Number of protein chains: 2
Amino acid sequence: MAKKRPTRATSHDVARLAGVSQAAVSRAFSAGSSISKDKRERVLKAAHELHYVPNKLASSLSTARSNMVAVIVGNLNNPFYSESLQAFVTGFQESGRQVLAFSVTDAADGDEVVQQAVYYPVDAIVVTAAPLSSKLLKISAGLGIPIVMFNRHLDSNRIAGVHCDNRGAGARIAEAMHSAGAERFLIVRGDPEGSTSRDRVEGFRTYLLARGVPPTGIEEIDGASSYGASRDSLRARFRAGDRPRPDAIYAVSDIMALGCLDALRTDLGLRVPGDVMLAGSDGIRQGRLSAYDLTTIRQPIEQMVATTLQMLESAEDLKNPDMIQVLELPGEFIPGSTVPRPPRDKP
Amino acid sequence: MAKKRPTRATSHDVARLAGVSQAAVSRAFSAGSSISKDKRERVLKAAHELHYVPNKLASSLSTARSNMVAVIVGNLNNPFYSESLQAFVTGFQESGRQVLAFSVTDAADGDEVVQQAVYYPVDAIVVTAAPLSSKLLKISAGLGIPIVMFNRHLDSNRIAGVHCDNRGAGARIAEAMHSAGAERFLIVRGDPEGSTSRDRVEGFRTYLLARGVPPTGIEEIDGASSYGASRDSLRARFRAGDRPRPDAIYAVSDIMALGCLDALRTDLGLRVPGDVMLAGSDGIRQGRLSAYDLTTIRQPIEQMVATTLQMLESAEDLKNPDMIQVLELPGEFIPGSTVPRPPRDKP
DNA sequence: TTGTACGCGTTATCAT
DNA sequence: ATGATAACGCGTACAA
């Protein structure tokens, strides 16, 4: 009995068995290269026998294309991120590329994670989380790895990216609440470092101030971008009797809004929107479930991912400072049942 | 002005700049190799200047360890999968390994996806989805890549794996419902090819039949492992007036159970558990939200992932047929409010 | 079409 | 401690 060889078969092994050159094996496996039909078949047969599959890592050494893309996401327990990752994995898989997944939970270690990613000669990096401006710039310039920011952007606009009109989203929510008669507003903010939370808060505030709402009428608490933290801190805020309660709450992301909703209804026994109105932003599936039916602004994830993929197709553009584009897509207002709707027609 | 070089710096470039040999550069970057302190510093300085980082792909070519692990998940829109993936990415990241993520949505293309994964010389493959028995066996044997099945198992037990006691889970749910007085049962099944759904259904049925429930008292419909499909098909079943309605529903996974819950309460206006009782399995976060409070059996994801990681540590064992272990962990009964609870004390 | 020979960027072995 | 030099597995010019 032959001893089992511990290492996998190489193209040389196949070549030897098939009685051809190693180059022939390589050709047999690359579509559209000149090789006679019967020779290819002989090679494939031998390959099958040895359980041979080409080693993509080795091939990427010579071609300088790894066909791998690093995707850096935040906490996957936030459905927005897992929905995005799903879209990316599917999308890349279709174009024959693989996703090397990285998760950054603590904002702190964001840079370190990017560092890890860069050790692999990935064809591109997609960043959907982490506040890593300076480092990113250096990498993009120094290593020559194209970077696309998804749902994030830098003020400088020096890195390509796709994101939603978050200022507009905040403003639209403010409008809905204001026109529904709200007067005392509470913002539950997410990561203050992230552009997403910042922009939404800013859009919300700006709209209200322009409508004459006094600055003291807009309060702000922290929700740490999570369901649990939001639920806890909103409950605490409402139980602290020292200040008047808000009548409208804008949680900067849906997952936080759901925490707030459960705090209001379950923990505090309030009616939404009867006692308080509430809205979020993102448009995650969970918010659409009938038990919640959250009023929100939906991010067009599919379209955003598709756009990202397109940007990466023309990767050369990403290295040319003049061709860098930062795309801002509009969000879609989803009128749920947590903010009173305006009457249909004016009589 | 120097022209920007398009390719990334290599150890040779650094060596040249620092005036040392290429080997010295390699040593400077590998901890614990013999190199003088000042030489290392000189190298690191030069490396920093050139934005040099070691290319892990090239290194894995010589070390035969890629430090990459393929994780094949099902649809990430099922929270159970995204929670698992989150745990894997975090866990692997901590031990310096990277996750190459693959998603298989159609059960059909499962084998093809595995094929893709194998092109990369990953150190291991974790399969959390896909019904790919024969192919997997061949790969594990032929390529010598360790495989661990997560939340899945083959009848043959010839591939290492970790999963929950799904038969026990089904039985436990059956017990809760039966002792709460249910008489007509409905099973909403998931992927009939997957061992998970199959085992849970079997455990549920077996328990009831043993308690004298007639086979005609146990109905079965398809939920396609998704929220939407379950909601739709349960609604359809209840609106078809030709058969008596069940008084207990076991949806084989939580995400499906939530679909059923919304169908019952929102679409059909029924009370749960007043009119019908309902339970799921998995223990996803979403089910714990107060708007649902689903009765379920929780899978110990963290523990399952930790065990998987441990198995991979001793990768040699996975190649030795005698050392392959298939671990079955108990699930935890979570008494929610969708199945009536038994009275606390017997008088 | 086919084979030879070299390069991709690292690690590892061997002298020194 | 240090520097040549040989793998690692594959693409690909080049010559035949």
Side-chain angles (χ1 to χ4, degrees), chain A residues 5-43 46-47 50-68 118-123 143-145, chain B residues 5-44 46-47 50-68 96 118-123 143-145:
Chain A
R5 53 195 333 290
T7 71
R8 58 198 274 172
T10 76
S11 57
H12 285 98
D13 299 330
V14 176
R16 205 173 306 126
L17 178 60
V20 299
S21 74
Q22 177 268 331
V25 177
S26 174
R27 292 190 182 108
F29 277 91
S30 33
S33 51
S34 44
I35 183 176
S36 72
K37 190 164 182 180
D38 58 331
K39 172 159 288 192
R40 159 171 274 143
E41 277 168 8
R42 226 174 48 235
V43 170
L50 296 176
H51 298 289
Y52 169 78
V53 290
N55 183 336
K56 287 229 178 192
L57 243 57
S59 95
S60 58
L61 241 199
S62 42
T63 60
R65 296 198 73 238
S66 66
N67 282 314
M68 298 193 305
V118 164
Y119 283 141
Y120 292 84
V122 289
D123 294 341
L143 280 298
I145 299 182
Chain B
R5 53 198 332 290
T7 71
R8 58 198 274 172
T10 75
S11 56
H12 285 98
D13 300 330
V14 176
R16 205 173 306 127
L17 178 62
V20 298
S21 74
Q22 178 272 332
V25 178
S26 174
R27 291 191 182 105
F29 277 91
S30 32
S33 52
S34 43
I35 182 175
S36 71
K37 189 164 183 181
D38 57 331
K39 172 160 288 193
R40 159 171 275 144
E41 277 168 9
R42 223 170 55 233
V43 169
L44 293 182
L50 296 176
H51 298 289
Y52 168 79
V53 289
N55 184 336
K56 286 229 180 194
L57 243 57
S59 99
S60 59
L61 197 53
S62 42
T63 59
R65 296 199 73 236
S66 65
N67 283 314
M68 298 194 304
V118 165
Y119 283 140
Y120 292 83
V122 289
D123 294 342
L143 279 298
I145 298 183

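Just so it is clear: chains get the letters A, B, ... in the order the sequence lines come, proteins before strands, and each one is counted from 1. The model shown is predicted, which means the values in this text are computed figures rather than measured ones. Every heavy atom of this structure was used, including side-chain atoms; hydrogens, water molecules and symmetry mates were not.
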To the nearest Å, give me how far apart [atom1] ([X]) and [atom2] ([N]) are.
X        : N       : atom1 : atom2 : result
Arg42(B) : dT2(D)  : CZ    : C1'   : 12 Å
Gln22(B) : dT2(D)  : CD    : C1'   : 13 Å
Leu61(A) : dG11(D) : CG    : P     : 11 Å
Arg65(B) : dA7(D)  : CZ    : P     : 23 Å
Lys39(B) : dG3(D)  : NZ    : P     : 3 Å
Lys37(A) : dT1(C)  : NZ    : C1'   : 16 Å
Lys56(B) : dT10(C) : NZ    : C1'   : 12 Å
Leu57(A) : dC10(D) : CG    : P     : 11 Å

DNA chain D: Val53(A) or Arg40(B), which has the more 5' nearest nucleotide?
-> Arg40(B)

Do side-chain atoms of Ser26(B) reach the backbone of Gln22(B) as a donor and acceptor pair under 3.5 angstrom?
-> no

Would a distance-only check, ignoring hydrogens and angles, find a side-chain to backbone donor-acceptor pair under 3.5 Å from Arg27(B) to Ser33(B)?
-> no

Heavy atoms under 4.0 Å, any strand shown: does [X] hit a base, just sugar-phosphate, or nothing?
X        : value
Pro54(A) : sugar-phosphate
Val14(A) : nothing
Ala23(B) : base

Confirm from the modelled atom types if Ser62(B) and dT10(C) form a donor-acceptor pair under 3.5 Å, side chain to base only.
-> yes

Determine whether any donor atom in the side chain of Arg27(A) lies under 3.5 Å from an acceptor atom in the base of dG3(C), or the reverse, and answer yes or no.
-> yes

Heavy-atom check, side chain of [X] versus side chain of [Y], under 4.5 Å:
X         : Y        : answer
Asn55(A)  : Thr10(A) : no
Tyr120(A) : Ser66(A) : no
Tyr52(A)  : Val25(A) : yes

Does the side chain of [X] get closer than 4.0 angstrom to OP1 or OP2 of [N] through an N or O atom?
X        : N       : result
Ser60(A) : dC8(C)  : no
Tyr52(B) : dT10(C) : yes
Ser36(A) : dT1(C)  : no
Thr63(B) : dT11(C) : no
Ser59(A) : dC10(D) : no

dT2(C), dG3(D), dG3(C): which one has an atom nearest the side-chain heavy atoms of Val20(A)?
-> dG3(C)

For the side chain of Ser21(B), counting heavy atoms from C-beta on, which of dG9(C), dG3(C), dG3(D) is nearest?
-> dG3(D)

All heavy atoms of Asp13(A) vs all of Arg8(A), minimum pair found to be OD2-O, 4.4 Å

